[in-house]
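The structure under discussion appears below in the form of structure tokens.
Labels below follow one simple rule: chain letters A, B, ... track the order of the sequence lines, proteins then strands, and each chain is numbered from 1.
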Number of protein chains: 2
Amino acid sequence: MLVLMPGPAEQRPYHHGNLRTALLTAAERGLRENGADQLSLRDLAREIGVSHAAPRRHFADRRALLDALAETGFARLGATLHAALTESDGEREFPTRVRDAVSAYAHFAVENAALYELMNSSKHHPGATLVTQAAAAAFGQMTDLIAEGQAHGALEQGDPEEVGIILYATVQGITTMVNSGMIGAERLDGLVDTAVSQFLRGARPLGPQRSPSGR
Amino acid sequence: MLVLMPGPAEQRPYHHGNLRTALLTAAERGLRENGADQLSLRDLAREIGVSHAAPRRHFADRRALLDALAETGFARLGATLHAALTESDGEREFPTRVRDAVSAYAHFAVENAALYELMNSSKHHPGATLVTQAAAAAFGQMTDLIAEGQAHGALEQGDPEEVGIILYATVQGITTMVNSGMIGAERLDGLVDTAVSQFLRGARPLGPQRSPSGR
DNA sequence: CTTCAATGTAGACAGTGGAAACACAGTTGT
DNA sequence: ACAACTGTGTTTCCACTGTCTACATTGAAG
């Protein structure tokens with residue numbers, strides 16, 4: 001697909017100067033539009049206007065490129081979660097904060113379906129610790145949130161990570177089902193609501209319930 | 001039509017006689033061993049000892065093969081669930097039945113990681129209704145189980161499907177996290193336990209603390 | 001026996017990821 | 001100033017893949 005650029009600098013310098021990021025942004029667009037399978041290194045090179053072997057200088061492998069995409073994906077997801085959580089920091093009640101975080105997560109996953117699928121793919125480079133590290137960072141916020149809920153008495157005591165995994169997994173599963181077409185996207189919000197309220201009921205302390213803040 | 005193969009495997013006849021199933025079984029092994037990405041039609045043909053274009057007679061497309069694999073995967077998953085549920089039919093208490101089903105599901109997903117990832121992949125043929133149909137069949141058992149729980153009074157009333165999706169999604173997410181390496185496989189059983197007991201607590205009838213409110 | 005549809009074969013094509021050798025340009029050491 | 005070095009992009013080549021088209025072989029139906 002040769003695209004004639006009527007742009008200013010018709011003569012391209014020998015060195016692109018920014019190939020790595022150009023590749024990443026082009027790859028992300030391609031990923032969104034055609035999925036990871038259809039993502040071709042040569043296509044990207046063509047689109048950017050560089051020789052087909054140039055990407056190799058920045059990504060040893062096709063998988064290396066995909067891993068990098070997954071990594072930035074987790075970083076963005078983490079930022080999204082962080083934003084959703086700091087926005088309602090302190091003021092709001094705990095259930096609302098959980099719902100905000102979960103909802104932000106779910107919408108990210110559905111709006112970036114292909115990227116999200118790539119992020120959760122099992123096939124990363126053996127030494128792709130960066131990916132799992134980025135994933136852990138994003139996931140850690142869920143753990144923190146759980147710990148916060150336990151501190152406020154909204155959740156029963158226990159390993160925050162164990163409980164966080166459950167919540168994380170539930171949202172993860174819902175979005176996967178939506179993304180795979182098993183569930184219509186219009187049901188996403190409703191399911192998230194149900195999931196969160198069930199989670200809160202299932203993980204709150206037993207016995208005399210001391211409501212965090214009466215209502 | 002059905003052609004009976006002469007038992008002993010002597011001289012290979014011009015027609016393989018059973019190529020389709022041979023392809024599927026070989027593909028399933030390859031999928032397990034090397035993942036869906038590495039699955040090559042030509043490789044399969046070579047392995048079976050047939051020309052590289054022969055598979056085309058049975059699967060129009062590479063994706064058609066993968067779709068068929070996903071479909072049989074859902075069928076097997078459905079059978080596994082069914083077995084787990086009928087085994088403890090009636091006798092056992094509801095929570096145990098839920099735990100059995102969920103555990104069976106989780107182990108299937110982890111023991112057939114590549115297949116399971118393929119099953120949950122978003123990229124099926126546009127007209128691959130068979131896949132989603134098979135998926136719905138497997139999922140339907142979860143809905144039935146929920147309905148059973150509601151009938152027995154173990155779960156609060158409501159749309160069984162909506163609640164079933166939550167449970168299904170939770171297990172789905174846990175297994176995905178395990179399969180992607182985010183969580184060690186040794187934690188699977190513990191997480192399943194936690195998830196099920198939280199689910200049962202969260203979905204059982206109780207004093208209405210927070211009725212489902214819209215948005 | 002002839003015909004026919006199903007199934008398998010052979011060859012060609014475009015496209016891909018990857019490797020090697022080479023070309024250009026900015027930086028650095030002297 | 002200038003030569004060497006290093007990072008980056010280019011060219012050329014290879015093995016391999018999925019897919020297409022024309023042809024071969026077969027068993028079964030008419």
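Computed from coordinates, the B:L66 CG to D:dG18 P distance equals 10 Å when rounded to whole Å. Counting to the nearest Å, the P atom of C:dG18 and the CZ atom of A:F59 are 13 Å from each other. Going from atom CZ of B:R62 over to atom P of D:dG18 covers 6 Å, rounded to whole Å. The interatomic distance linking A:Q38 (CD) with C:dG15 (C1') rounds to 12 Å, in whole Å. In this structure, A:H58 atom NE2 and C:dG17 atom P are separated by 16 Å, rounded to whole Å. Between B:R20 atom CZ and C:dA6 atom P the separation is 15 Å, expressed in whole Å. In this structure, A:N34 atom CG and C:dG15 atom P are separated by 16 Å, rounded to whole Å. Regarding B:L19, its CG atom lies at a distance of 16 Å from the P atom of D:dT26, rounded to whole Å.
Using a 3.5 Å distance cut-off with no hydrogens or angles, the side chains of B:N18 and B:T21 do pair a donor with an acceptor. Residues B:T194 and A:E162 have side chains that bring a donor and an acceptor to within less than 3.5 angstrom of each other.
Of the charged side-chain nitrogens involved, at least one lies within less than 4.0 Å of a carboxylate oxygen, so that B:E161 and A:R187 count as a salt-bridged pair.
Among the nucleotides D:dG9, C:dG18, C:dT7, the one closest to the side chain of B:R57 is C:dT7.
Remark: B:R63 engages no residue in a salt bridge (charged side-chain N to carboxylate O under 4.0 Å, His left out) (not counting sequence neighbours). Taking B:R57 as the reference, nothing meets the salt bridge (charged side-chain N to carboxylate O under 4.0 Å, His left out) condition, with sequence neighbours excluded.
Using a 4.0 Å heavy-atom criterion, one finds that B:L65 contacts no nucleic acid atom at all. Looking at heavy-atom distances under 4.0 Å, B:L44 makes no contact with the nucleic acid at all.
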Got a list of protein N/O to nucleotides 11-15 of chain D N/O distances below 3.5 Å?
from	atom 1	to	atom 2	distance (Å)
D:dT12	O4	A:H52	NE2	2.7

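Proximity of A:L24 to A:E28: side-chain heavy atoms (C-beta onward) are nowhere separated by under 4.5 Å.
For C:dT16, the OP1/OP2 oxygens have a side-chain nitrogen or oxygen of A:R46 closer than 4.0 Å. Remark: A:S40 is in phosphate contact with C:dG17, judged by side-chain N or O atoms under 4.0 Å from OP1 or OP2.
Across all non-hydrogen atoms, the minimal contact from B:L200 to B:L155 is CD2-CD2, 4.3 Å.
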